[in-house]
Colleague: 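Submitted below is the structure of interest, expressed as structure tokens.
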Amino acid sequence: LPQSPKVLGLEARALTPQTAETDAIRFLVGTQSLKYDNQIHIIDFDDENNIINKNVLLHQAGEIWHISASPADKGVLATCYNRTSDSKVLTCAAVWRMPKELESGSHESPDDSSSTAQTLELLCHLDNTAHGNMACVVWEPMGDGKKIISLADNHILLWDLQESSSQAVLASSASLEGKGQLRFTSGRWSPHHNCTQVATASDTTLRGWDTRNMSQIYCIENAHGQLVRDLDFNPNKQYYLASCGDDCKVKFWDTRNVTEPVKTLEEHSHWVWNVRYNHSHDQLVLTGSSDSRVILSNMVSISSEPFGHLVDDDDISDQEDHRSEEKSKEPLQDNVIATYEEHEDSVYAVDWSSADPWLFASLSYDGRLVINRVPRALKYHILL
Amino acid sequence: MDPGSSSFPPPSQPHARGPGSGPGDSPEGPEAEAPERRRKAHGMLKLYYGLSEGEGAGRPSGPDPLDPTDLNGAHFDPEVYLDKLRRECPLAQLMDSETDMVRQIRALDSDMQTLVYENYNKFISATDTIRKMKNDFRKMEDEMDRLATNMAVITDFSARISATLQDRHERITKLAGVHALLRKLQFLFELPSRLTKCVELGAYGQAVRYQGRAQAVLQQYQHLPSFRAIQDDCQVITARLAQQLRQRFREGGSGAPEQAECVELLLALGEPAEELCEEFLVHARGRLEEELRSLEAELGPSPPAPDVLEFTDHGGSGFVGGLCHVAAAYQELFAAQGPAGAEKLAAFAQELGSRYFALVERRLAQEQGGGDNSLLVRALDRFHRRLRAPGALLAAAGLADAATEIVERVARERLGHHLQGLQAAFLGCLTDVRQALAAPRVAGKEGPGLAELLANVASSILSHIKASLAAVHLFTAKEVSFSNKPYFRGEFCSQGVREGLIVGFVRSMCQTAQSFCDSPGEKGGATPPALLLLLSRLCLDYETATISYILTLTDEQFLVQDQSPVTPVSTLCAEARETARRLLTHYVKVQGLVISQMLRKSVETRDWLSTLEPRNVRAVMKRVVEDTTAIDVQVGLLYEEGVRKAQSSDSSKRTFSVYSSSRQQGRYAPSYTPSAPMDTNLLSNIQKLFSERIDVFSPVEFNKVSVLTGIIKISLKTLLECVRLRTFGRFGLQQVQVDCHFLQLYLWRFVADEELVHLLLDEVVASAALRCPDPVPMEPSVVEVICERG
């Protein structure tokens, strides 16, 4: 059941689930406006009552281009924002803390959001004066919220947050060398290999980096025909990652073989801006595109469960069940589960909830946030 | 009596008529049976003279022949008649009939008299003749008696002579017998020397015949010492003879017929047949292997000097001919060997045959690359035809089947070769097109010969297909010996030619064409867009006409009798259409990308915050319009115009007043408060709700307008997304305004629905305004002036 769209009232591109929150369904959305004070909307979704609550935080530093939440501390988040000065635009990044009472959402949602607007507390800037525009900030997954990586123009920067995140120390960095203006567009931190790998996208190329010595591990040249917009790691299969870009395609890669994608999807009719694996069921892949559509695909054949859900050893006692399980052990078909067309404008961000694996949000440029659920039938099919 | 009545017919007539002619003189006798008999005789006479009973009696009279009153009737009764006359007639009439009767009687009397006179002389002469005959017979009887006595005398003499000669005759007979025996004995005694002489002279046949004649006798009289000696001598000589024959046989220098003769003689000498047949085969093998070696030499490591026809001719006359001779001779000589012998021969033929086939196949394999089918078919035909004779002779060796198999294999390979040839031809065409496209163009004209190139490609492929069809058609020609084999009547036509060659080629063509869509060089460059366009049109033409034409042609040329399922025309057409569609869509993407990249670069690399007040349309926009026009011309060369939505008004005159009055103002009018962004956005959202969603990379239709619409959609959407990623100063916004108006002026004419261009351009300007901290739009009139100037 698609949830009623939430209109923020301002243009927006930045969306993240509150990563450290595992009980409540909560998303953070950053607005993008040159004329008004920008805001961070804390969207609470009450699953049982189907109610959306919203709290607004002011983000006066500038329009938000990217937002990410700390995996360890519910109250901490990082943003990339534009700062305009002297007819110059510079994208900066900073780590913020939200007021304590909003960390877990406030359920007495006041209708007039402006009256209770609170401000974020700045923890630290990621100093980029030497490196250029910040494209994104990513947290070390499953970590203690002390390590982040930011991508600034052609630099990849690893920061240590110290003194309760009040200080960001540049631990190491690397940069792309080459002809032309190389610029990172996006990056993700792999949850595998003890979180020592990061993948980045720049122009049409995907690169893997080892965070221990900031060296390049692999490089997928011409991963897409045009600009690569986003990528994501399969949370359950360590060498698999998905990428998407301006060629309207979503490609799935095994990083051990960089010459050919494992699979290619071509369902969107315009640039694909976002691709996200479901955190628990990696056959569910979510993509958002500037054709205003969100597509949920079932990539079961290249998932960690290509034969469907396997019965645990404990359950084998029931012979009947076991037999029927064996019968269905043939690779399932990949397919598009659903195409969501509630958006009227380009969708620049989609993401899964960190609390409920069957729920996801999508955000379009016109500020409309839509929360959807994986179809019930499919959910049961995967679970049972 | 009988000869008399027959030799004197005239008197019999009146006699016959007599009883009925005169009622007065009744000739009938007193006996009751007399009239009966007379009537019988009378009937016989009548029969004799060919008169029927009824004719003679009743022609002049009434219908009743039994009427007793009928004067001429057979049953005439004078009493009744008179009675009747007297009772019925008046006196005058009686008188008349009386006179009449008298006159008739008189006439009859005179007639009778003249008859008697006339026949009298004849009686006289008959009597004379009989008398003379009597005299002659008497004389003859005397002479016969004399003859009998003479004969008796002769017989007597003869008996006496033979009795006298009896003795001598017996002696002569005995002497003759002795003479014959002596001659035989002489032959026997002379036999050894004769044999020796024969052997010396090399008249082996004669020797064997002598030996054969003497053998039995010698065998019989073995117990007599003298004969024994002769036999021993003979045996020695015969052994020598056999030795020599074997020698000659082994030397093998002589031809097959002589060898056959040797074997025949040896057989006659009672040599063991089995051994001989082994040896015979060994020798035959030697000779045939010689043939094979010479064939192999012709194959050689170097390129074969003789062509394949000559090769099969050599093989046919040399090896196959030899094999035929051997087989025929063997069957003649060793017919007595029964099935075991036949098996041996079959195995022999099979082994050598397979070696021959291997050679032929090697030679044919060398031919695979060649283009001349007629020569190959003729060679195959000859090869196949040649093997018919040994095939019939040696059914068990399966030579004919193996030959047919080889021919089939070659035919299959030929089909494969032709398919490859077609594919190569297609690729060659594509290369030519690429070169033509890459060649420096005459200034001013873009792709002048695209339609021409298409026609060239189409006709060249079609002629290649036809040539291939004609070439493989040779395999099914009536005069070719293997064309009536089931494979060539059925499978070859349907599965081989139609499916394998034609359908296979069309499919591979589609695949080749489609591969251009999947090529990794998606960033452009790899495949010239014009080639995509051309291929798309080519595939579409195939869908509409060419495929059905080719298939009809094939079906006509190869009357397919096979019932196996074939790809229907519609399926193939659908595939071609799908290919055409994909190619065209890809063309749109590629061209859209080219323009997109220009627009993107122009937006990304400019510093929009500190730009100066716009004075001109940026050069890149002019370039975009130019390129779009060029694409329009290019597509127009191959595709029809397509349908456009009816124009509501003169679009070129339209300015941005529409959105600047309604939507734009709503969006960034400076009057509203920060607390009311919801309401302002609501307006634009509602507006979007009512406008149709634009599918940017949507499938295109096969016409120019659709193609151009697709390209423009892609370009403008890129512009929109790029604009949204930048921040604009006031003049930056105004520059975007000018650029968009310029695009508006020139792009609307290319698309199916100009509203689409308006919508997208509106969106671009609106987005630029959103991304501008200081949005002061330019006066529409100024925008127009700048655009018109530019």
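Keep in mind that what you see is a predicted model, and the values were worked out from it rather than measured. Within every chain, numbering begins at 1; the chains are lettered A, B, ... in the order of the sequence lines, protein sequences first and strands thereafter.
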Colleague: Is the number of heavy atoms from other residues, nucleotides or ligands within 6.0 Å of CZ (B:R618) greater than 12?
Modeller: yes

Colleague: So, for A:W65 and B:R724, which heavy atoms are closest and what is the spacing to 0.1 Å?
Modeller: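 The answer is CH2-O, 3.9 Å.
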
Colleague: State plainly whether the residues B:D774 and A:K35 are in salt-bridge range, i.e. N to O under 4.0 Å.
Modeller: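 No, this pair does not count.
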
Colleague: Side-chain contact, heavy-atom cut-off 4.5 Å: A:E63 with B:R771?
Modeller: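 Result yes, sub-4.5 Å side-chain heavy-atom pair found.
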
Colleague: What's the spacing between B:L720 CG and A:Y365 OH if we round to 0.5 Å?
Modeller: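 OH of A:Y365 is found 8.5 Å from CG of B:L720.
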
Colleague: Atom CD1 in B:I714, atom CH2 in A:W271: separation rounded to 0.5 Å?
Modeller: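 Output value for this atom pair is 11.0 Å.
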
Colleague: Heavy-atom distances under 4.5 Å only: say whether A:N82 touches chain B with side chain, backbone, both or neither.
Modeller: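 Contact with chain B: side chain only.
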
Colleague: When you compare the side chain of A:L227 with that of B:R600, does any pair of heavy atoms fall below 4.5 Å?
Modeller: yes

Colleague: What closest approach, in Å, do A:L34 and B:L770 show between heavy atoms, and which atom pair accounts for it?
Modeller: CD1-O, 3.7 Å

Colleague: Does A:E267 have more than 12 heavy atoms from other residues, nucleotides or ligands lying within 6.0 Å of its CD?
Modeller: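 Buried by this count: over 12 neighbours within 6.0 Å.
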
Colleague: Supply the atom-to-atom distance A:S269 OG to B:K717 NZ, rounded to the nearest 0.5 angstrom.
Modeller: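 The distance works out to 8.0 Å.
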
Colleague: When you compare the side chain of B:L609 with that of A:K88, does any pair of heavy atoms fall below 4.5 Å?
Modeller: no

Colleague: Tell me, for B:T718 versus chain A, whether the close heavy atoms (under 4.5 Å) come from the side chain, the backbone, both or neither.
Modeller: both

Colleague: Is the shortest distance from a Lys or Arg side-chain nitrogen in B:E721 or A:R13 to a carboxylate oxygen in the other one below 4.0 Å?
Modeller: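 No, this pair does not count.
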
